[in-house]
Enquirer: 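Handing you this structure, nothing more for now.
Note that these values count all heavy atoms, side chains included, but never hydrogens, waters or copies made by symmetry. Predicted model, so just to flag it, every value in this text is computed and none were measured.
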Amino acid sequence: MKSGTLLWNKGLFRQQLRSVTWVGVFLALALVIMLPLSMFIREMTLRNDQFYAGFTDYEGILNPLFEFSIPFQLIAFCSFPVLIGIILLNFMTNKSATDFFHSLPFKRGTTLTNVYITGAVTLIVPLVITGILTAILYPFLTDQFYAISDIFSWIGLSYLIMLFMFILTVAVGIFVGNALLHGALTYTVIIVPALIILLVLVNLQYYVTGLALTAYTETLLTNGIFFGRLIELTQTPFSLMEYLIYTLIAAALVAFSYFAYAKRPSEATDQTIVFPLFRYVFLYSLTLFVMLISGFYFTEIQQGSFIWTIVGYLLGAFIAYTVLQMILQKTLRLSWPWKGFVVYGVVVTLLIVPVNLVAGFYEDKIPAVSEVESVEIHSPNSRNSFMHVEGAEMPALTNADAIEMVTTVHEQLIDHRHSQFDDWSTVIINYTLEDGSTLSREYDVNHDYLKDVTVDLRSTQAFKEAYDPVYLASESDKLNYMMFYSNQNGEPIRIADEEKMASLIAAMKEDLENLPSEELAVDWSPQSAGEIQFSMNLPYDYHSVVTEDHKNTIQWMNENGYGDAIFLPENLEEVTVAKSEGDEFFREVDSVVYENRSTPDDLNVPTITITDSAQIEELFEIGSFQSYGDYVIFYRVNDGYNYLGIDESEAPEFLTSQFD
């Protein structure tokens with residue numbers, strides 16, 4: 001190859017620019033349609049609409065032009081740069097084109113520099129055109145929901161995203177010898193590394209009890225995958241540190257691409273992956289990826305045992321390894337390299353051994369109470385999901401006695417194995433230690449077990465003040481009103497009077513003096529007397545369940561004229577009991593309860609009606625909500641019927657005797 005001295009060549013630039021001009025035109029058209037044209041159409045439509053409602057009061061945290069059509073913009077920003085990169089590097093995947101380019105009197109660095117400059121120009125011009133048209137349209141808009149300065153911010157952010165995608169595409173293209181694989185591998189490089197880490201963590205939970213999976217997965221999905229981070233932009237814009245990180249990554253990719261291109265063999269157009277080392281990276285990383293997905297499928301989706309997890313690993317690894325070898329060898333008549341697969345299997349097996357050794361230390365690690373500054377304990381299954389709202393402050397326990405109770409609960413959770421066939425909840429424990437470090441654990445626990453093991457903790461005043469919605473609402477200055485819901489009343493009861501709200505909260509606190517908090521053990525069953533919603537001037541509301549044990553709350557409801565809205569078995573005038581007779585009967589139950597097409601009187605099985613209050617209460621005590629038992633008890637609710645199930649062995653004599 002002849003050597004050249006210039007880093008940029010006008011003739012080469014023009015030749016490369018011609019090959020991607022049409023892509024730049026389509027990008028410009030797409031952006032014009034998404035922004036100025038769409039805004040113009042909306043403006044004309046709203047001007048002729050008597051119910052005009054514009055976006056003048058825009059209060060988003062991201063650039064308003066970006067949020068105007070963000071899904072479509074992100075699709076364009078993540079597809080057009082990749083297409084441009086593939087076209088500009090197409091000469092590397094075609095032997096005649098490669099020979100031609102490498103015969104020109106340019107250094108390889110000059111050729112690659114022109115690729116980068118051409119791509120950068122092709123991407124910026126459509127943005128500038130769209131920005132100019134958006135600025136021209138601005139004075140004519142009735143709803144000027146953006147400022148001229150927002151146009152420059154939009155161009156800058158959009159260009160950063162597209163330039164990053166383009167640089168990544170070029171860097172990947174240096175290592176491949178096939179245009180189709182080039183595009184697929186670009187997106188793979190963005191997604192797969194973080195997903196491999198995520199899948200490793202997901203699969204580690206089968207070997208390590210208490211792995212804090214939720215915290216890791218949320219971070220990986222939002223920050224570890226570029227696409228996931230872009231989706232989160234409307235909630236959390238890029239920070240200065242993120243701008244710096246992406247700039248450094250882009251710079252590193254550019255530098256690495258120059259180094260790799262200088263080493264790339266000219267005859268590599270017939271190779272799927274050009275460099276031997278990266279063939280192994282491609283082969284074994286994707287084999288691991290599919291293997292982990294297969295293990296997850298057999299374990300989580302099919303609810304298989306650990307043996308099926310191993311079967312999933314073997315099947316996934318075999319299929320992935322075989323298909324990837326076909327891609328690398330570019331043939332369906334595969335010469336299957338079994339030695340490589342055996343080596344892969346041995347390495348993976350050897351990696352599992354230290355995991356099992358370390359697992360014991362991880363699982364048994366519980367900090368001493370004296371080392372703990374504060375501790376959070378919560379469940380994603382709780383009614384009060386404010387813990388998952390962005391920016392919400394997580395309640396924590398700082399009382400030494402309460403912290404000790406949490407460590408006691410933690411000890412019991414380590415040895416607990418939940419049943420996937422029973423109701424279960426996830427419990428997350430986050431310790432903040434005196435030295436500033438943190439320790440997090442996560443457990444899947446049978447719901448009833450969780451309720452029992454946390455009863456002492458939930459009975460403490462420290463826990464109630466930190467987590468119970470009654471205390472949280474009473475101590476907040478953002479309480480707007482309260483709503484009472486139950487199966488008894490068709491419409492919720494709204495309580496907005498400040499004195500009434502204060503007295504109702506006081507009654508609820510009186511009940512909490514003698515009862516444990518329902519947080520961590522909320523009974524989702526509609527058999528409860530009702531639910532009180534604290535409507536807050538926050539992104540979330542608080543919810544508190546009311547049961548027949550909440551005597552003071554129920555008394556307050558009765559004294560204030562809301563007694564008829566409370567759902568209690570003692571208030572039911574009658575229930576209908578049917579004796580089940582197979583699958584056809586259960587389909588009839590669904591017709592009554594879920595489809596509202598019939599009533600219990602229409603069932604084709606023996607039924608009786610019970611009106612005695614004591615007997616009705618006993619049935620509710622032993623019955624299982626919405627369970628297909630040997631006996632099904634139907635009771636009226638505000639929107640139709642609901643039911644309980646009772647097995648023959650638990651059925652009281654007054655019930656069974658009437659069916660003999």
Enquirer: Checking Ser149 now: which residues fulfil side-chain hydrogen bond (donor to acceptor under 3.5 Å, both in side chains) with it, not counting sequence neighbours?
Expert: none
Enquirer: Determine yes or no for a side-chain-to-main-chain donor-acceptor pair under 3.5 angstrom, with Ser294 supplying the side chain and Val290 the backbone.
Expert: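 Not confirmed, Ser294 side chain does not pair with Val290 backbone.
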Enquirer: Would you check if Phe66 and Ile161 make a side-chain contact, meaning some heavy-atom pair closer than 4.5 Å?
Expert: yes
Enquirer: If you compare all heavy atoms of Leu328 against all heavy atoms of Leu283, which two are closest, and at what distance to 0.1 Å?
Expert: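 Shortest heavy-atom contact: CD1-CB, 4.1 Å.
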Enquirer: How are the rings of Phe145 and Phe68 set to each other: parallel, tilted or perpendicular (split at 30° and 60°)?
Expert: parallel
Enquirer: Nearest 0.5 Å please: distance from the CD1 atom of Ile273 over to the CD1 atom of Ile327.
Expert: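 Result: 9.0 Å between the selected atoms.
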Enquirer: Tell me if a side-chain donor or acceptor on Asn63 pairs with a main-chain N or O of Asp150 at a distance below 3.5 Å.
Expert: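 Side chain of Asn63 to backbone of Asp150: a pair is present.
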Enquirer: Side-chain contact, heavy-atom cut-off 4.5 Å: Leu133 with Leu137?
Expert: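 They are not in side-chain contact.
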Enquirer: For Phe72, look at atom CZ and say whether over 12 heavy atoms of other residues, nucleotides or ligands are found less than 6.0 Å away.
Expert: no
Enquirer: Please tell me if the side chains of Met162 and Ile124 come closer than 4.5 Å, counting only heavy atoms from C-beta onward.
Expert: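 Contact flag for Met162/Ile124 side chains = no.
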Enquirer: Closest approach of Pro81 and Ala76, non-hydrogen atoms and distance?
Expert: CD-O, 3.6 Å
Enquirer: Between Gln325 (side chain only) and Thr322 (backbone N and O only), is there a donor and an acceptor less than 3.5 Å apart?
Expert: no
Enquirer: Kindly give the heavy-atom pair with the smallest separation between Tyr344 and Met291, and that separation in Å.
Expert: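 Minimum heavy-atom contact is OH-SD, 3.3 Å.
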Enquirer: Sub-3.5 Å donor-acceptor pair from the side chain of Asn114 to the main-chain atoms of Thr110, do we have one?
Expert: yes
Enquirer: Would you compute the distance between atom CZ of Phe152 and atom CG of Leu65 and round it to the nearest 0.5 angstrom?
Expert: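 Nearest 0.5 Å value for the CZ-CG distance: 11.5 Å.
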Enquirer: Would you say Phe275 and Arg264 make side-chain contact, with heavy atoms under 4.5 Å?
Expert: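 Sidechains of Arg264 and Phe275: in contact.
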Enquirer: Is the side chain of Ser437 donor-acceptor paired with the backbone N or O of Leu433 at a distance under 3.5 Å, no angle test?
Expert: no
Enquirer: Using the ring of each side chain (for Trp, its six-membered ring), is Tyr116 parallel, tilted or perpendicular to Tyr258, with breaks at 30° and 60°?
Expert: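 Because their plane-to-plane angle lies in the 30° to 60° range, the rings of Tyr116 and Tyr258 count as tilted.
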Enquirer: If you count the non-hydrogen atoms of other residues, nucleotides and ligands that lie under 6.0 Å from CG in Leu240, is the total more than 12?
Expert: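 Counting neighbours around CG of Leu240, 12 or fewer heavy atoms of other residues, nucleotides or ligands fall under 6.0 Å, so no.
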Enquirer: Do side-chain atoms of His182 reach the backbone of Thr169 as a donor and acceptor pair under 3.5 angstrom?
Expert: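 Here the side-chain-to-backbone pair exists.
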Enquirer: Any non-hydrogen side-chain atom of Phe238 less than 4.5 Å from a side-chain atom of Leu157?
Expert: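 Yes - at least one pair of side-chain heavy atoms lies under 4.5 Å apart.
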Enquirer: For a quick check under 3.5 Å, do Ser69 and Gln73 share a side-chain donor-acceptor pair by atom type?
Expert: yes
Enquirer: Quick one: CZ on Phe298 to CD1 on Ile307, what's the gap to the nearest 0.5 Å?
Expert: 13.0 Å
Enquirer: Check Gly131 against Ile155 and note the closest heavy-atom contact, atom names and distance.
Expert: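 Heavy atoms of Gly131 and Ile155 come nearest at CA-CD1, 4.3 Å.
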Enquirer: Looking only at atom types and distance, does a side-chain atom of Thr287 sit under 3.5 Å from a main-chain N or O of Ala317, one as donor and one as acceptor?
Expert: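 Looks like no, no N/O pair under 3.5 Å.
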Enquirer: For Thr426 and Ser379, which heavy atoms make the closest approach, and how far apart are they?
Expert: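 Nearest heavy atoms, Thr426 then Ser379: O-OG, 2.7 Å.
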Enquirer: Going by the angle between their ring planes, with limits at 30° and 60°, are Trp22 and Phe26 parallel, tilted or perpendicular?
Expert: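 Correct class here is perpendicular.
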Enquirer: Give the C-alpha distance, both sets of side-chain angles, the deciding distance and a yes or no for side-chain contact (heavy atoms from CB on, under 4.5 Å) between Tyr159 and Val128.
Expert: CA-CA 10 Å; Tyr159 192 53; Val128 173; over 6 Å; no
Enquirer: Which residue pairs pass the side chain to side chain donor-acceptor pair (under 3.5 Å) test with at least one member in residues 119-140, sequence neighbours excluded?
Expert: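 Applying side chain to side chain donor-acceptor pair (under 3.5 Å) to every pair that reaches into residues 119-140, excluding sequence neighbours, yields nothing.
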Enquirer: For the pair Phe226 and Tyr246, name the ring-plane relationship: parallel under 30°, tilted 30 to 60°, perpendicular over 60°.
Expert: perpendicular
Enquirer: Can you list everything that forms a side-chain hydrogen bond (donor to acceptor under 3.5 Å, both in side chains) with Glu376? Sequence neighbours excluded, please.
Expert: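 Listed in chain order: Asn430.
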Enquirer: Does a side-chain heavy-atom distance below 4.5 Å link Tyr187 with Ser79?
Expert: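 Result yes, sub-4.5 Å side-chain heavy-atom pair found.
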Enquirer: Taking the side chain as everything from C-beta on, heavy atoms only, tell me whether Val170 gets closer than 4.5 Å to Leu112.
Expert: yes
Enquirer: Could you pull out the closest heavy-atom pair between Gly119 and Ile84, with the gap in Å?
Expert: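 That closest heavy-atom pairing would be CA-CG2, 4.2 Å.
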Enquirer: Kindly indicate whether the side chain of Phe166, heavy atoms from C-beta on, has any atom under 4.5 Å from the side chain of Phe80.
Expert: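 No, every pair of side-chain atoms sits at 4.5 Å or beyond.
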